[in-house]
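Taking it in order: structure first as structure tokens, then the write-up.
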Amino acid sequence: LVSWSRGQRVLHPTRETYLATVEALRDDGYLMCVDVCAADYLLARQARALPPGIEPERFEVVANFINHAQRSRVRTRVQVPESDPTCPSLWPLHAGVEGPEREAFDMFGITFDGHPDMTRILMPENWQGHPLRKDYAMGRIPVQFKGAPSS
């Protein structure tokens with residue numbers, strides 16, 4: 001399914017058709033994957049614009065691609081359910097996604113199947129939870145400024 005956002009074509013593949021869709025984009029000249037990121041729609045599952053037939057899920061994996069020859073961009077948005085937060089890795093097609101997929105894993109807990117090193121990249125290895133999830137408990141870390149009296 002296709003939609004448009006701010007003049008840019010947006011494809012909405014399922015998790016099962018994600019790799020085939022990206023491979024077809026690569027064959028059409030979209031040779032560069034610019035970014036992969038994720039979003040958590042815990043509190044606003046129905047508020048986003050999705051084409052008819054696309055069921056909103058808690059998580060969404062977004063990837064952006066460029067066709068330099070045609071000077072065009074395309075975006076993919078894959079719905080990822082909370083009950084199975086996994087998505088195929090684009091690493092076999094675009095090795096440059098190694099870092100962004102690890103970041104989405106670290107911050108949102110979405111595992112990318114087929115990724116060569118699905119480990120934390122920003123948080124310490126022993127960190128509990130995923131800080132960009134909307135249900136992540138907010139903590140308070142006291143800040144001590146140099147030379148200031150401690151309280």
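Here the structure is a predicted model, which means the values were calculated and not measured.
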As an exercise, state the distance from [atom1] of [X] to [atom2] of [Y], rounded to the nearest 0.5 Å.
X	Y	atom1	atom2	value
Leu132	Asp40	CG	CG	9.0 Å
Met107	Ile121	CE	CD1	9.5 Å
Phe59	Lys134	CZ	NZ	10.5 Å
Tyr18	Leu11	OH	CG	11.0 Å

- Just wondering, more than 12 heavy atoms not from Met32 lying within 6.0 Å of its CE? no
- Query: Does the cation-pi check pass for Arg75 over Phe65, that is, NZ or CZ under 6.0 Å from the six-membered ring centre and within 45° of its axis?
  - Reply: no
- Message: If I compare all heavy atoms of Ile110 with all of Ala38, which pair ends up nearest, and what's the gap?
- Response: CD1-CB, 3.8 Å
- Heavy-atom pair with the smallest gap, counting every atom of Gln8 and Asn64: OE1-OD1, 4.1 Å
Within the distance-only criterion (no hydrogens, no angle test), does the side chain of [X] pair as donor or acceptor with the backbone N or O of [Y] below 3.5 angstrom?
X	Y	value
Thr17	Pro13	no
Arg120	Trp127	yes
Arg26	Leu31	no
Asn67	Asp28	yes
Asp106	Leu122	yes

- Query: Are side-chain N/O atoms of Ser83 and Arg58 paired as donor and acceptor at under 3.5 Å?
  - Reply: no
Quick one: does [X]'s side chain get under 4.5 Å of [Y]'s, heavy atoms only?
X	Y	value
Arg15	Asp84	yes
Phe108	Pro131	no
His130	Met123	no
Gln79	Leu50	yes
Arg133	Leu42	no
Val62	Val36	no

- Task: Kindly determine whether Thr86 and Val80 satisfy side chain to side chain contact (heavy atoms under 4.5 Å, CB included), including the steps that lead there.
- Result: CA-CA 7 Å; Thr86 61; Val80 178; 5.9 Å; no
- Task: Would you sort out whether Thr76 and Val61 count as a side chain to side chain contact (heavy atoms under 4.5 Å, CB included), showing the intermediate values?
- Result: CA-CA 8 Å; Thr76 59; Val61 171; over 6 Å; no
- Test ring-ring contact (aromatic ring centres under 6.0 Å, His included) on Phe105 and His115 and set out the steps. CA-CA 11 Å; Phe105 164 71; His115 191 282; 8.8 Å; no
- Message: Show, in sequence, the C-alpha distance, side-chain angles and deciding distance for Arg9 and Ser3, and conclude whether the side chain to side chain donor-acceptor pair (under 3.5 Å) test is met.
- Response: CA-CA 6 Å; Arg9 184 170 52 140; Ser3 65; over 6 Å; no
- Message: I'd like to know whether Trp4 forms a side chain to side chain contact (heavy atoms under 4.5 Å, CB included) with Val10, so could you lay out the CA-CA distance, the side-chain angles of the two residues, the decisive distance to 0.1 Å, and finally the verdict.
- Response: CA-CA 6 Å; Trp4 291 85; Val10 182; over 6 Å; no
- Do the charged groups of Glu60 and Arg77 touch, with an N to O distance under 4.0 Å? yes
- Criterion side-chain contact (heavy atoms from CB on, under 4.5 Å) against Glu101, the qualifying member of Ser89, Pro116, Cys87, Cys37: Ser89
- Item | CA sep, side-chain torsions, deciding dist, call: Met118, Phe112, side chain to side chain contact (heavy atoms under 4.5 Å, CB included) | CA-CA 7 Å; Met118 193 83 307; Phe112 290 86; 4.0 Å; yes
